[in-house]
Amino acid sequence: MKASVKNPALAEKHVARVVEVCRLIESAEEMPNLKQLAVHAGLSVYHFHRVFKRVTGLTPKSYAVAHRAKRVRDQLERSGTVTEAIYDAGYNSNSRFYEKSKQILGMTPSSYRAGGANTEIRFAIGECSLGSILVAASGKGVCAILLGDDPDALAHDLQDRFPKSNLIGGDVEFEQLVAKVVGFVEAPAIGLDLPLDLRGTAFQQRVWQALREIPAGSTASYTEIANRIGSPKAVRAVARACAANVLAVAIPCHRVVRNDGELSGYRWGVERKRALLKREAGAR
DNA sequence: GGTTCTCTGCCGC
DNA sequence: GCGGCAGAGAACC
């Protein structure tokens, strides 16, 4: 399915304008509002909004919000105080930032500033029908479910994924959590009622949310997911977001297949993908 | 809780 | 392609 671009020259012009607007957002002290951005692009607010979303896959607002979040992360590592970092990043109230800090940073600003280093991630490795499974959780929720053949490789994978965190081998209590996740992997239809700690860009989060809405026993194509999140042209970006998923089964990227129904790649091996899908299809 | 801003479906040019 | 309205929803104060 190829998107028809009737006028390539115009499309290019739009891209150029959107890029410029993105620069404006990035360089502005305060978050510009929609009107200002539209004026900058030389379009009406309405039309500009649509063009921006078509080109980037994000609305101007969510782009700006995501950028501000990135900026505050950078600032927290650099500036003298937490408050300074918050205001420098363009937030105009630090109390409201604190309210949302868990959402934005996954932790409090001060612990983030400590390099994110002092956050603890507990993990344990077990066995399930698909091979070895590693389950890791931060204080916020489950942050990784990895599958593989080699337990050591899984541990390394986790280390690469969370280089700044203290990784702590699981204790007895944690083993219960692992057991729960293993149970869920064996029978995904029962659902996993654990909080998840999702770390990704705004776009990735949208993709992952869409994946979680695919019911067990059915599949969707990358194109369908792109349509569902309102970015029909972002098929490749969708595929990349799926590949970036570290929560096997909990975010069911295994339910995404090629347009022709064939299985495409799977981070943890196509055979596991096939096994999962077969099991889910049978459980219906 | 009211207000303002964002977002989208729909229509007209 | 572009602008605009209406109305719902989210963010803000």
Side-chain angles (χ1 to χ4, degrees), chain A residues 1-73 75-76 82-109 112 140 195-196 198-213 220 223-235 237-238 241:
Chain A
M1 218 188 1
K2 195 152 178 221
S4 63
V5 179
K6 286 221 175 113
N7 186 341
L10 185 63
E12 234 174 84
K13 201 168 85 183
H14 279 161
V15 171
R17 284 182 178 179
V18 167
V19 167
E20 237 185 85
V21 167
C22 289
R23 296 236 178 81
L24 180 68
I25 292 171
E26 284 152 21
S27 61
E29 289 291 314
E30 306 238 321
M31 225 165 46
N33 65 22
L34 187 60
K35 177 91 185 293
Q36 293 168 294
L37 298 177
V39 167
H40 196 260
L43 296 168
S44 71
V45 270
Y46 311 102
H47 194 58
F48 165 71
H49 190 278
R50 288 184 266 260
V51 167
F52 189 95
K53 190 175 171 187
R54 186 149 42 80
V55 173
T56 65
L58 294 171
T59 66
K61 178 76 174 180
S62 60
Y63 182 89
V65 166
H67 182 264
R68 192 171 58 171
K70 179 184 183 318
R71 191 145 77 174
V72 81
R73 285 194 289 270
Q75 287 295 325
L76 278 169
V82 170
T83 307
E84 219 174 282
I86 291 169
Y87 285 110
D88 282 354
Y91 293 91
N92 42 25
S93 155
N94 62 350
S95 64
R96 264 186 295 114
F97 177 79
Y98 271 93
E99 277 171 33
K100 297 191 175 172
S101 64
K102 273 231 160 182
Q103 225 182 321
I104 294 164
L105 303 171
M107 62 193 90
T108 66
Y112 186 89
K140 198 182 166 196
L196 301 181
L198 294 178
R199 302 183 188 191
T201 64
F203 182 81
Q204 287 173 331
Q205 303 254 5
R206 280 200 303 146
V207 172
W208 295 340
Q209 188 51 45
L211 297 185
R212 294 176 72 185
E213 284 161 12
T223 309
E224 281 165 355
I225 297 298
N227 283 325
R228 280 179 208 174
I229 63 171
S231 308
K233 291 189 179 173
V235 177
V238 166

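To find a chain, count down the sequence lines: A is the first, B the second, and so on, and within it residues start at 1. Since this is a predicted model, take the numbers as computed values, not measurements.
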### Query
Between A/R68 and A/Y91, is NZ or CZ placed under 6.0 angstrom from the six-membered ring centre and within 45° of the ring axis?
yes

### Message
Measuring from atom OG of A/S62 to atom CZ of A/F203, what distance do you get when rounded to the nearest 0.5 angstrom?
### Response
11.0 Å

### Message
Would you compute the distance between atom CZ of A/R71 and atom CG of A/L76 and round it to the nearest 0.5 angstrom?
### Response
12.5 Å

Less than 4.5 Å apart, side chain to side chain, heavy atoms only: is that true for [X] and [Y]?
| X | Y | answer |
| --- | --- | --- |
| A/F48 | A/H14 | no |
| A/F97 | A/L105 | yes |
| A/I86 | A/Q75 | no |

Between [atom2] on [N] and [atom1] on [X], what's the gap in Å once rounded to a whole number?
| X | N | atom1 | atom2 | result |
| --- | --- | --- | --- | --- |
| A/H49 | C/dG7 | NE2 | C1' | 15 Å |
| A/E99 | C/dA10 | CD | C1' | 15 Å |
| A/K13 | C/dG1 | NZ | C1' | 10 Å |
| A/K100 | C/dC12 | NZ | C1' | 9 Å |
| A/R54 | B/dT8 | CZ | P | 13 Å |
| A/L58 | B/dT8 | CG | C1' | 16 Å |
| A/K61 | B/dC5 | NZ | P | 10 Å |
| A/H47 | B/dC10 | NE2 | C1' | 15 Å |

#### Entry: Closest heavy-atom pair and its distance - A/S101, A/T108
OG-CA, 4.2 Å

## Note on the structure
In numerical order, the residues of residues 65-73 of chain A whose heavy atoms come under 4.0 Å of DNA chain B are none

### Message
I need the residues from residues 28-38 of chain A with at least one non-hydrogen atom less than 4.0 Å from DNA chain B; give them sorted by number, or say none.
### Response
A/N33, A/L34

### Query
Considering residues, nucleotides and ligands other than A/E26, do more than 12 of their heavy atoms fall under 6.0 Å from its CD?
yes

### Message
Counting only side-chain heavy atoms from C-beta out, which of B/dC7, C/dC5, B/dC10 sits nearest to A/T59?
### Response
B/dC7

### Message
Side chain of A/L10 only, heavy atoms from C-beta on: which candidate in C/dG3, C/dC2, B/dC7 is closest?
### Response
C/dC2

### Query
Any donor-acceptor pair under 3.5 Å joining the side chain of A/R50 to the base of C/dG4?
yes

### Message
Check whether A/Q36 reaches the backbone of A/N33 with its side chain - one donor and one acceptor, N or O, closer than 3.5 Å.
### Response
yes

